[in-house]
2 protein chains.
Amino acid sequence: MLSKKTKYAINALVYIAKNIDEQPISVRRISEEQNISLKFLESILTELKNARVLNSKKGKYGGYSLNGTPEEIHMAKIVRLFDGAIALLPCVTYQYYERCEECIDEETCGIRQVAMEIRNETVKRLKAATLADIIKREKKLKK
Amino acid sequence: MLSKKTKYAINALVYIAKNIDEQPISVRRISEEQNISLKFLESILTELKNARVLNSKKGKYGGYSLNGTPEEIHMAKIVRLFDGAIALLPCVTYQYYERCEECIDEETCGIRQVAMEIRNETVKRLKAATLADIIKREKKLKK
DNA sequence: TATTAATCCTACCAAATAAATAGGATATAA
DNA sequence: TTATATCCTATTTATTTGGTAGGATTAATA
């Protein structure tokens, strides 16, 4: 399951992308429109800024804006940033690799192979799920 | 990520399936062969028994045996039993459905649609990953 | 019938993680 | 100077995870 942090982050990003011509957008506005606690969202957007997904502008009429186009920012990046590895097993990820302590032979582990195939498929889909793609899907669903 | 409980459960089940002609097999034996804490594994096998995945036999020379063939028992069932929903979002599962509190319109949520496609793919693969399938994969990998 | 070796049952516990909350410092536009 | 932002540090609370402890019950066999 995605954590609330990840969900809030994606929702916020989609919101900014939808209102891209009104950037920068304040945390307050997003928190009100998206039903997210102000302070919690603040810490999330700070993380997104530190990860260079967002740019920030301080002071009055400041706020956050996308660092990149809605076609470039995708769910895989956001999920990894907040929830860590996408895979079902720690031995099946490049970015967060760790051996399963109880494992007897990683090379011939059947569970691992299944997990690897699922990871490949999932990562592919999460990478395809860019902000632009999500917005496009929503437009289609509204018809 | 799968919890250790789930991983231990699958490992134990694969172990029993591999030694299917020696059933019933004791918790002690599995815990020693698979590097899993005895007491913890005991509670896991109890849950598997309550879920009718395993049968138990008490007393000397007792232990656990598969309730069903290795072709019938699959990873999806075990993951759901210990970790709950497989999907990335609570609004995308049949068995554990819950609305996302912060969600504005579930019907037209683009993130949800992505999560649904990933769930479908993942569940399909986890259902295909039966004990028999896992063992077959391991034999292939050993060559 | 005593011994051995299993499961079964209840309760507890410690560490980590998730989900916030609090309060103020600093920056900027008008 | 005022209003309104982000930025920064710290604390809190609840839940989940991964495990431990100790003994009761059951069954095979010598």
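Fair warning: this is a prediction, and the values are worked out from it, not measured in the lab. A note on names: the letters A, B, ... follow the listed sequences, proteins ahead of strands, and every chain is numbered from 1.
Listed by first and then second residue, the side chain to side chain donor-acceptor pair (under 3.5 Å) pairs that reach into residues 84-99 of chain B are B:Tyr97-B:Glu106, sequence neighbours excluded. Applying the salt bridge (Lys or Arg N to Asp or Glu O under 4.0 Å) test to residues at least two apart or on different chains, the pairs with a partner in residues 8-22 of chain B are B:Lys18-B:Glu138, B:Glu22-B:Arg29. Sequence neighbours left out, not one pair with a member in residues 108-135 of chain B passes ring pair (Phe, Tyr, Trp, His ring centres under 6.0 Å).
As rounded to whole Å, 12 Å separates atom P of D:dT17 from atom CG of B:Leu2. In this structure, A:Lys4 places its NZ atom 12 Å from C1' of D:dA14, rounding to the nearest Å. The separation between B:Glu47 atom CD and C:dT7 atom P is 16 Å, rounded to whole Å. Atom CG of A:Leu41 is separated from atom P of C:dA20 by 11 Å (rounded to the nearest Å). B:Met1 places its CE atom 16 Å from the C1' atom of D:dG18, with the value rounded to the nearest Å. The CZ-C1' distance, from A:Phe40 to D:dT13, rounds to 13 Å in whole Å. Note: CG (B:Leu38) to P (D:dA21) measures 12 Å, nearest angstrom. Look at CD on B:Glu32: it is 12 Å from P on C:dA5, rounded to the nearest Å.
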For each nucleotide in nucleotides 1-9 of chain D, reading 5' to 3', give B when a protein heavy atom comes within less than 4.0 Å of its base, S when such contact involves only the sugar-phosphate, and - otherwise. --BBBSBB-
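The rotation axes computed at either terminus of the helix from C:dT1-D:dA30 to C:dA30-D:dT1 lie 10° apart, taking five pairs at each end and rounding to 10 degrees.
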Return all side-chain donor-acceptor pairs below 3.5 angstrom for residues 31-45 of chain A, not counting sequence neighbours, or 'none' if the list is empty.
unit_1  : atom_1 : unit_2  : atom_2 : d
A:Ser31 : OG     : A:Arg28 : O      : 3.2
A:Ser37 : OG     : A:Phe40 : N      : 3.3
A:Ser43 : OG     : A:Phe40 : O      : 2.7

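Using a 4.0 Å cut-off on heavy atoms, none of the residues of residues 75-103 of chain B approach DNA chain C.
A salt bridge is absent between B:Glu107 and A:Lys142: the closest approach of a Lys/Arg side-chain nitrogen to an acidic carboxylate oxygen does not fall below 4.0 angstrom.
A sub-4.0 Å separation between OP1 or OP2 of D:dG19 and a side-chain N or O of B:Tyr8 is present. Contact annotation: A:Ser37 reaches the phosphate of C:dT21 (side-chain N/O to OP1 or OP2, under 4.0 Å).
Evaluation of the side chain to side chain donor-acceptor pair (under 3.5 Å) rule for A:Arg119 yields no partner, not counting sequence neighbours. With sequence neighbours excluded, no residue forms a side chain to side chain donor-acceptor pair (under 3.5 Å) with B:Asn67. Taking the salt bridge (charged side-chain N to carboxylate O under 4.0 Å, His left out) definition, one finds that A:Lys139 meets it with nothing, sequence neighbours left out. Under the salt bridge (charged side-chain N to carboxylate O under 4.0 Å, His left out) criterion, B:Lys58 pairs with no residue at all, not counting sequence neighbours. With sequence neighbours left out, A:Glu101 forms a salt bridge (charged side-chain N to carboxylate O under 4.0 Å, His left out) with B:Lys4.
A donor-acceptor distance shorter than 3.5 angstrom exists from the side chain of A:Asn11 to the backbone of A:Lys7, with no hydrogens or angles considered.
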